[in-house]
Amino acid sequence: MPKGGRPGPAVHSEVLFAPDDLAEAAQRVAGAIEDSVGEERPLLVGILKGATMFLADVMRARPFDCQVDFLSISPFGQGRVRIESDISVDIEGRHVVVLEDIVDTGLTLTYLLGTLRSRGPASLQVAALLDKSVRRLVEVPVQWVGFEIPDVFVVGYGMDFEGRYRNLPEVRMVHDLMALADDPDLLVGEVFAP
Ligand code: IMP
Ligand code: MG
């Protein structure tokens with residue numbers, strides 16, 4: 001049986017990072033966060049929904065004393081975003097680490113960091129699983145990166161295309177984004193067991 005019980009060969013996507021790679025990245029990033037603010041009871045803020053798996057792996061890779069919260073954002077025209085659902089913790093004087101799935105143009109993070117910074121945290125740092133820095137439109141500080149990737153579209157391990165594929169335990173690279181845009185279910189047959 002093919003690995004994971006997958007039917008047939010994958011033709012529209014391929015594995016870019018396997019679960020072992022992702023576990024290593026989470027371990028590495030967790031170690032870096034612990035070294036930086038592990039003594040300060042940091043607040044880890046996961047950006048919904050993409051960062052859920054990364055946050056879950058980072059927060060238990062090193063069991064240091066921390067708090068966890070989430071926020072969600074939604075697009076708001078012309079590359080702008082707004083907070084749809086906010087964290088429920090006062091971050092004034094706190095050490096905050098934002099966890100993101102992927103930084104692309106940097107617009108989302110720039111907006112978010114501006115908003116969080118205005119609340120007076122003691123420190124505000126960012127950990128991103130993936131960094132597509134070649135696509136950056138605005139410079140934004142990302143302290144810790146799991147992996148640098150080229151300009152490719154990825155799904156899995158929290159990341160979606162039109163709500164699909166988030167639950168894949170690996171990160172897959174999509175070969176033809178236009179084809180996926182035409183048919184968002186394009187990968188279903190090759191990545192999910194029947
Ligand atoms: P930015 O504002 O362009 O940096 O957008 C970042 C957000 O776009 C990420 O948090 C993802 O939600 C989404 N995104 C960017 N690239 C990808 C990708 O390759 N796959 C899935 N989502 C992506
Ligand atoms: Mg995101």
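All values below were derived from every heavy atom in this structure, side-chain atoms included, with hydrogens, water molecules and symmetry-related copies excluded. Predicted, not measured: the structure shown is a model, and the values here were computed from it. Index from 1, following the sequence. Each ligand, and each atom within it, is numbered from 1 in the order the structure gives.
Which parts of ligand 1 touch Glu100 is read off a 4.0 Å heavy-atom cut-off, strictly below it: atoms 10 (O). Numbered from 1 in the order shown, with element, the atoms of ligand 1 that lie under 4.0 Å from a heavy atom of Asp160 read 21 (C). Every atom of ligand 1 is numbered from 1 in the order shown, and the set under 4.0 Å from a heavy atom of Thr108 is 1 (P), 2 (O), 5 (O), 6 (C). The atoms of ligand 1 that sit less than 4.0 Å from any heavy atom of Lys132 are 16 (N), 17 (C), 18 (C), 19 (O). Heavy-atom contacts of Thr105 reach the following atoms of ligand 1: 1 (P), 2 (O), 3 (O), 4 (O) (cutoff under 4.0 Å).
Residue Phe153 places no N or O, backbone or side chain, under 3.5 Å from any N or O of ligand 1. The shortest N or O to N or O distance between Gly106 and ligand 1 is below 3.5 Å.
Taking the ring axis of Phe153 as reference, the NZ or CZ atom of Arg172 does not stay both within 45° of it and closer than 6.0 Å to the ring centre.
Residue Glu148 places its CD atom among more than 12 non-hydrogen atoms of other residues, nucleotides or ligands, all under 6.0 Å distant. Environment of CZ in Arg119: crowded, with over 12 heavy atoms of neighbouring residues, nucleotides or ligands closer than 6.0 Å.
Nearest-heavy-atom check against atom 14 (N) of ligand 1 across Val81, Ile102, Asp101 picks out Ile102.
Electrostatic pairing of Asp131 and Arg136 counts as a salt bridge here, judged by a charged N lying under 4.0 Å from a carboxylate O. Ion pairing of Lys49 with Asp160 is absent here, as no side-chain N (NZ or NE/NH1/NH2) approaches a carboxylate O to less than 4.0 Å.
Nearest heavy atom pair, residue Val142 against residue Ala128, reads CG1-CB, 4.0 Å. Closest non-hydrogen pair, Ile102 versus Val154, comes out as CD1-CG2, 4.0 Å.
Remark: of the listed residues Leu109, Thr108, Leu107, Leu107 is the sole one forming a side-chain contact (heavy atoms from CB on, under 4.5 Å) with Thr105.
The shortest heavy-atom distance from Val154 to ligand 1 is under 4.0 Å.
By the criterion of a heavy-atom distance under 4.0 Å, neither the backbone nor the side chain of Arg135 is placed next to ligand 1. Contacts with ligand 1 closer than 4.0 Å are made by backbone heavy atoms (N, CA, C, O) of Val152 only, the side chain lying farther away.
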